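What follows is a short report on a single structure.
Letters A, B, ... are given to chains in the order of the sequence lines, protein chains preceding strands, and every chain is numbered from 1. What you see is a predicted model, and the numbers here were worked out from it, not measured in a lab.
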Amino acid sequence: LAKTTQPISMDSYEGQEVNITCSHNNIATNDYITWYQQFPSQGPRFIIQGYKTKVTNEVASLFIPADRKSSTLSLPRVSLSDTAVYYCLATGSGRRALTFGSGTRLQVQP
Amino acid sequence: EPEVTQTPSHQVTQMGQEVILRCVPISNHLYFYWYRQILGQKVEFLVSFYNNEISEKSEIFDDQFSVERPDGSNFTLKIRSTKLEDSAMYFCASTPRPNTGELFFGEGSRLTVL
């Protein structure tokens with residue numbers, strides 16, 4: 001089971017780009033890297049997933065280097081509403097239950 | 001956009017009482033899950049359900065818990081005799097394809113056991 005490690009918390013200001021790095025040194029060949037966002041008192045929400053290189057959608061970008069031992073979630077020009085907990089997960093490999101870690105608590109200040 | 005809906009949004013109960021939390025998964029999804037999150041702690045997996053049977057369960061999901069899909073739309077979590085430590089947010093989730101890593105979560109049901 002690939003363990004992921006990410007910072008406990010980060011602070012930013014509105015309009016800045018935020019990069020949250022996750023390390024997953026023993027990620028399995030079949031695993032994808034998946035990021036979820038959770039606002040207070042709400043369920044987690046899938047935001048992006050990737051296997052290698054770069055993936056971009058309307059919410060974020062995900063960078064995964066060739067060795068896949070780490071990944072970086074990039075949130076462009078954050079706003080106050082991006083204040084949330086962000087979870088990095090290794091998913092796939094036949095497992096059905098997602099395992100959430102402690103996540104990174106992002107606080108965006110005005 | 002289709003979504004997972006959960007009821008009630010908040011339930012307060014006395015210790016020892018039975019509680020049923022209800023979920024309506026997204027209609028074309030076949031895999032269902034319950035997770036819980038104690039205040040300030042991690043989101044913890046409880047159970048997954050497919051084809052009218054439990055696929056996987058965690059250590060938390062003991063004999064006090066049960067799940068059921070009583071009809072074609074609802075998916076319920078029953079806690080037979082609640083304990084103080086069952087106080088948490090309970091999230092239902094569904095997906096059309098497991099192993100994709102993309103689950104669709106509901107807004108949660110907050111259970112408070114007094």
For B:Glu44, is it the side chain, the backbone, both or neither that has a heavy atom under 4.5 Å from a heavy atom of chain A?
neither

Would you say CG of B:Leu39 has more than 12 non-hydrogen atoms from neighbouring residues, nucleotides or ligands within 6.0 angstrom?
no

Examine whether an atom of A:Tyr36 lies under 4.5 Å from a heavy atom of chain B, and if so say whether it belongs to the side chain, the backbone or both; otherwise answer neither.
side chain

In terms of relative ring orientation, are B:Phe75 and B:Phe49 parallel, tilted or perpendicular, with 30° and 60° separating the classes?
tilted

Acceptor/donor pairs from residues 100-110 of chain A side chains to any protein atom, 3.5 angstrom cut, sequence neighbours excluded:
residue, atom, partner, partner atom, Å
A:Thr104, OG1, A:Gln6, NE2, 2.9
A:Thr104, OG1, A:Pro7, O, 2.5

Considering only heavy atoms and a distance below 4.5 Å, find which of B:Gln6, B:Arg110, B:Glu102, B:Glu107 pairs most often with chain A.
B:Glu102

Would a single hydrophobic cluster contain both A:Ile64 and A:Leu89, if residues Ile, Leu, Val, Met, Phe, Trp and Tyr are joined by side-chain heavy-atom contacts under 4.5 Å?
no

So, the part of A:Gln49 with a heavy atom under 4.5 Å from chain B: the answer is side chain

Pull out the residues in residues 11-18 of chain B that come under 4.5 Å of chain A, heavy atom to heavy atom, sorted by number.
none

Within the structure provided, determine whether B:Arg36 and B:Trp34 are in side-chain contact (heavy-atom separation under 4.5 Å).
no

Can you tell if the side chain of A:Tyr87 reaches within under 4.5 Å of the side chain of B:Val43, non-hydrogen atoms only?
yes

Here's a test for you: under side-chain hydrogen bond (donor to acceptor under 3.5 Å, both in side chains), which of A:Thr56, A:Thr72, A:Asn19 qualifies with A:Ser61?
A:Thr56

Same cluster (ILVMFWY, side-chain, under 4.5 Å), B:Leu77 and B:Tyr33:
no

